[in-house]
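All heavy atoms count here, side chains included; hydrogens, waters and symmetry mates do not.
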Amino acid sequence: MKLYTYFRSSAAYRVRIALNLKGLPWEAAAVHLARDGGEQHSDAYRAVNPAALVPTLDDRGVTLTQSLAIIEYLEEMRPQPALLPSNLIARARVRAVAQAIACDIHPINNLRVLKYLTGEMGLSEDQKMQWYRHWVDTGLAAVEAMLADHPDTGQFCHGDTPGLADCCLVPQVYNARRFNCRLDHVPTVMRIVEACEGLPAFQAASPGAQADAE
């Protein structure tokens, strides 16, 4: 498998974690999102992914995009170890936590959104960071409410085995730390992240462990 990735992309980070948790071999094809205006905008990469986004997974000539879709593909292709619980209601809960991050927090704080804010919209760097931190603050507070005191929350987001929701949570907290966001209001989130970061699959997927890390 070839994963088109960028070391700091949280969406690509999710997929790297999932690949590692599944024990699947993969090779990285780095796409630098900032160099020369962004390598994702090149004709060569647009031929791979017309949306000009990472990640993209090439599995034996089959091209897959969108991190959650890729992870669910991996789950169906290799069911064990499972990233989703077997119970119908539990699966819906895990997907809800994952989507609270991947759909509610990440898209409005993505690189292309931030560049638009300071470019076409003319916001200052301070205003951009106010925007970023507001949505991380409120978004992670919502995730905390989904996890705290829930009977199905264990060592990880759901039970005592890392899964889909954890694949999304750790990269989002990495970004929050990078931009000095407030995290004291989400103790359950931080406890789970600490547990995840102790696992080799998460450590090997971390931005600093990637060959293209700067």
Considering only heavy atoms from C-beta outward, does the side chain of K22 approach that of M77 to under 4.5 Å? no

Rest of the hydrophobic cluster containing I89 (Ile/Leu/Val/Met/Phe/Trp/Tyr, side-chain heavy atoms under 4.5 Å)? none

Side-chain contact test, heavy atoms from C-beta onward, threshold under 4.5 Å: evaluate it for Y174 versus S206 and give yes or no. no

Who are the side-chain hydrogen bond (donor to acceptor under 3.5 Å, both in side chains) partners of H134, not counting sequence neighbours? none

Is it the case that the side chain of T153 and the backbone of H158 share a donor-acceptor pair, with hydrogens and angles ignored and the cut-off at 3.5 Å? no

Return the set of residues passing ring pair (Phe, Tyr, Trp, His ring centres under 6.0 Å) with F202 (not counting sequence neighbours), or none when no residue passes. none

Sorted by chain and number, sequence neighbours left out, ring pair (Phe, Tyr, Trp, His ring centres under 6.0 Å) with Y73 holds for none

Considering residues at least two apart in sequence or located in another chain, which fulfil the side-chain hydrogen bond (donor to acceptor under 3.5 Å, both in side chains) criterion with Y132? none

Among pairs that include at least one residue of residues 123-141, which meet salt bridge (charged side-chain N to carboxylate O under 4.0 Å, His left out), considering only residues two or more places apart or in two chains? E125-K128, D137-R182

Members sharing V54's hydrophobic cluster, built from side-chain contacts under 4.5 Å between Ile, Leu, Val, Met, Phe, Trp and Tyr, are Y4, Y6, F7, V31, L33, Y45, V48, L111

So the salt bridge (charged side-chain N to carboxylate O under 4.0 Å, His left out) pairs with at least one residue in residues 31-56 (sequence neighbours excluded) are R35-E39

Does L3 reach the side chain of R16, with side-chain heavy atoms less than 4.5 Å apart? yes

Is there side-chain contact between D152 and C157, with heavy atoms separated by less than 4.5 Å? no

Would you call I192 and D166 a side-chain contact if the rule is heavy atoms closer than 4.5 Å? yes

The side-chain hydrogen bond (donor to acceptor under 3.5 Å, both in side chains) partners of R177 (sequence neighbours excluded) come to E197

Under the criterion side-chain contact (heavy atoms from CB on, under 4.5 Å), I'd like the reasoning laid out for C196 against L169: C-alpha separation, chi angles, the key distance, then a yes or no. CA-CA 9 Å; C196 290; L169 184 63; over 6 Å; no

Contacts of type side-chain hydrogen bond (donor to acceptor under 3.5 Å, both in side chains), residue S67, not counting sequence neighbours: R14

For residues N20 and A201, report the shortest heavy-atom separation together with the two atoms involved. ND2-O, 3.0 Å

Atom CD of E194 with >12 non-hydrogen neighbours under 6.0 angstrom: no

Close side-chain approach of E75 to I71, heavy-atom, < 4.5 Å: no

Name all residues meeting the ring pair (Phe, Tyr, Trp, His ring centres under 6.0 Å) criterion together with W26; count only those two or more places apart in sequence or in a different chain, and write none if there are none. none

For residues 86-113, the salt bridge (charged side-chain N to carboxylate O under 4.0 Å, His left out) pairs (sequence neighbours left out) are E72-R95

